[in-house]
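Quick note on labels: first sequence line is chain A, next is B, and so on, each numbered from 1. All values reported here derive from a predicted model rather than from experimental measurement.
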Amino acid sequence: MSAAPASRATSRTAYAVAALALLAFLAVPWVGISNNAIRLLLTTFLWVTTSLAWNLLGGVTGQVSFGFAVFYGLGAYTAGLSINGGITPYAAIPAGGAVAAFGSLLIGLPTFRLRGPYFAIATIGVNEAVRIVMSNLDITGGASGVRLLQAGRFSQAEHYYAALGVASLAFLVSWRVMHSPFGLALRAIREDQDAAADVGVHPFRLKLAVHALAACLTGVAGGVFAHYTAYIHPDGVFSFSTSTSILLMPVIGGLGTLSGPVIGAAVYSIVQEEMVVHFPQFHLLLYGALLILIMLFEPGGLAGLWRRLARRLRGGGP
Amino acid sequence: MSVRPLLEVDGLEVAYGDVQVIWGISFTVAPGEIVTLIGPNGAGKTTTLRAISGLLPPKAGKIRFRGEDLSGRPAHEVVRRGVIQIPEGRKLWPRMTVEENLLLGAFAPRARGLAHEQLGRVYALFPLLKGRRRQLAGTMSGGEQQMCAIGRGLMSEPELLMFDEPSLGLAPLLVDELFAKITDIAKQNVTILLVEQKVAHTLEIADRGYILETGRTVLSGTGKELRESEYVQRSYLGTG
């Protein structure tokens with residue numbers, strides 16, 4: 001059994017790749033790349049953030065949530081309304097993360113009493129309830145949404161760097177969590193919650209904590225999105241399809257890993273870009289099919305598939 | 001005994017819903033002792049351990065640890081005081097490595113800072129685990145998993161280590177090794193409360209023991225006294 005040392009070597013390579021990628025991404029706005037490509041990268045970074053965040057709860061801790069649009073939306077609206085109120089984006093966007101984290105506690109307190117599929121189902125209900133409430137409030141602009149007044153203050157490069165910064169933060173936070181006793185306890189909860197409680201892990205409290213951390217990162221991503229697009233509406237940011245997108249990416253990429261959610265987000269963003277142009281209605285069908293294939297044949301996602309191929313290429317058996 | 005007991009169980013009663021299974025069990029464990037609870041299936045041994053661990057609320061009676069009342073406290077608070085149970089059926093995390101399983105044993109704040117020293121101690125006691133530390137726990141044999149579960153219990157800097165049928169399902173040769181390891185652990189100043197069906201083996205290593213039947217304490221004494229008791233020989237050792 002050399003599974004652990006192998007994956008450790010793989011992850012060392014992954015960190016080197018990540019560092020090089022970060023340098024390359026920092027240089028992007030200066031190398032005369034098209035605005036459209038920068039926009040695509042920016043979107044990818046936001047999805048990388050939500051994907052890594054969701055993975056902390058759904059992948060590492062094994063609590064599948066269909067309700068992350070709530071945090072994305074809370075972050076987007078908090079940031080958007082604060083910016084309209086004259087607050088600098090540097091305070092408004094983190095405030096989005098804080099409000100999302102607070103919201104996650106309100107949602108987690110009742111729903112983490114439930115286990116497994118019951119928790120997942122409850123989050124669907126919460127997501128729909130929040131979306132409907134938000135669509136009917138005056139402060140959110142109702143179904144017609146809110147336009148951000150001072151959106152012109154950031155250049156595209158600044159928006160790009162904000163998204164890159166948030167994605168890097170999510171990566172660092174994920175790395176820290178996954179290499180800490182906290183992360184070990186989260187995995188123990190995923191594998192056997194009762195055994196975890198036996199050794200003094202408090203599953204309920206740790207679930208609330210990781211939920212809040214994931215919600216905060218998702219909310220910050222929502223805030224950057226709101227500032228960038230300068231227009232948000234409840235049926236967009238709070239929608240159930242936003243929740244399923246946030247869930248799909250880490251599942252496609254590989255749950256519980258660091259590289260999986262990043263790969264999943266990148267693949268999703270690129271495929272999305274092509275699909276929306278050519279087959280506007282069919283992209284969800286494709287993801288549905290992809291999801292079924294992954295669950296049937298490679299539960300480790302694209303990261304798992306890559307590991308398996310790499311082992312085979314080295315001649316180390318299946 | 002002049003030393004103040006580490007654990008005092010006084011008139012414990014426990015019920016599963018309407019069904020009461022423990023009707024007033026009392027015993028004490030002094031620091032450094034190996035104490036055993038013996039009795040037939042259904043006597044309430046496992047239930048007693050679960051009540052001490054905080055996994056079942058007592059209906060009546062007191063559980064005192066270092067003089068502090070623990071009855072009705074949740075499991076994680078009991079663990080934090082150094083009262084650790086090695087569960088029956090081993091309850092490891094099969095898809096995590098041996099070393100990850102061990103490190104999780106040191107999750108309680110009182111042990112976390114010492115995790116790496118403790119890991120060394122556990123590997124010294126169970127060299128087999130060191131050789132397999134990167135192996136997934138679920139891929140080991142039953143005996144190896146039992147050692148891993150005991151090692152995980154030791155990781156938490158226990159003051160009182162409780163075993164529930166540790167020999168269950170082990171090959172005879174491993175049973176001897178297991179009891180030798182338990183004696184080794186006791187020598188490292190860990191107090192032990194042992195529930196076992198292998199009565200002869202258990203009374204060999206125990207300082208004192210209590211016989212439980214249908215939820216009550218019916219007899220107690222030193223290991224030697226119980227080994228020589230006619231009642232125990234007749235009912236449990238099959239020699240009287």
[X] versus [Y], closest heavy-atom pair with distance:
X: Phe107(B); Y: Gly200(A); result: CD2-O, 4.0 Å
X: Ala75(B); Y: Ala197(A); result: CB-O, 4.5 Å
X: Leu104(B); Y: Ala188(A); result: CD1-CB, 3.5 Å

Identify, with sequence neighbours excluded, every residue that meets side chain to side chain contact (heavy atoms under 4.5 Å, CB included) alongside Val210(A).
->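 If we apply the side chain to side chain contact (heavy atoms under 4.5 Å, CB included) test to Val210(A), skipping adjacent residues, the hits are Leu56(A), Leu57(A), Thr61(A), Phe182(A), Leu186(A).
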Test Arg152(B) against Val199(A) for side-chain contact (heavy atoms from CB on, under 4.5 Å), laying out the working first.
-> CA-CA 9 Å; Arg152(B) 183 179 66 189; Val199(A) 297; 3.9 Å; yes
Heavy-atom distance under 4.5 Å to chain A: side chain of Arg132(B), backbone, both or neither?
->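 Contact with chain A: none, neither part.
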Under 4.5 Å, counting heavy-atom pairs only, tell me which of Ala195(A), Ala185(A), Pro181(A) racks up the most with chain B.
->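 Of the options given, most contacts go to Ala195(A).
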Could you tell me whether [X] atom [atom1] has more than 12 heavy atoms of other residues or ligands within 6.0 Å of it?
X: Lys130(B); atom1: NZ; result: no
X: Phe112(A); atom1: CZ; result: yes
X: Leu309(A); atom1: CG; result: yes

Looking at side-chain heavy atoms only, is the closest gap between Arg95(B) and Arg187(A) below 4.5 Å?
->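 With C-beta onward as the side chain, the pair stays apart.
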Between Leu184(A) and Leu103(B), is any pair of side-chain heavy atoms under 4.5 Å apart?
->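 SC-SC contact between Leu184(A) and Leu103(B) confirmed.
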Looking at Arg112(B), Met155(B), Arg80(B), Glu100(B), which one has more heavy-atom pairs under 4.5 Å with chain A than the rest?
->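 Heavy-atom pair counts peak at Glu100(B).
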Under 3.5 Å donor-acceptor, Trp93(B) side chain and Glu191(A) backbone |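 No; zero donor-acceptor contacts below 3.5 Å.
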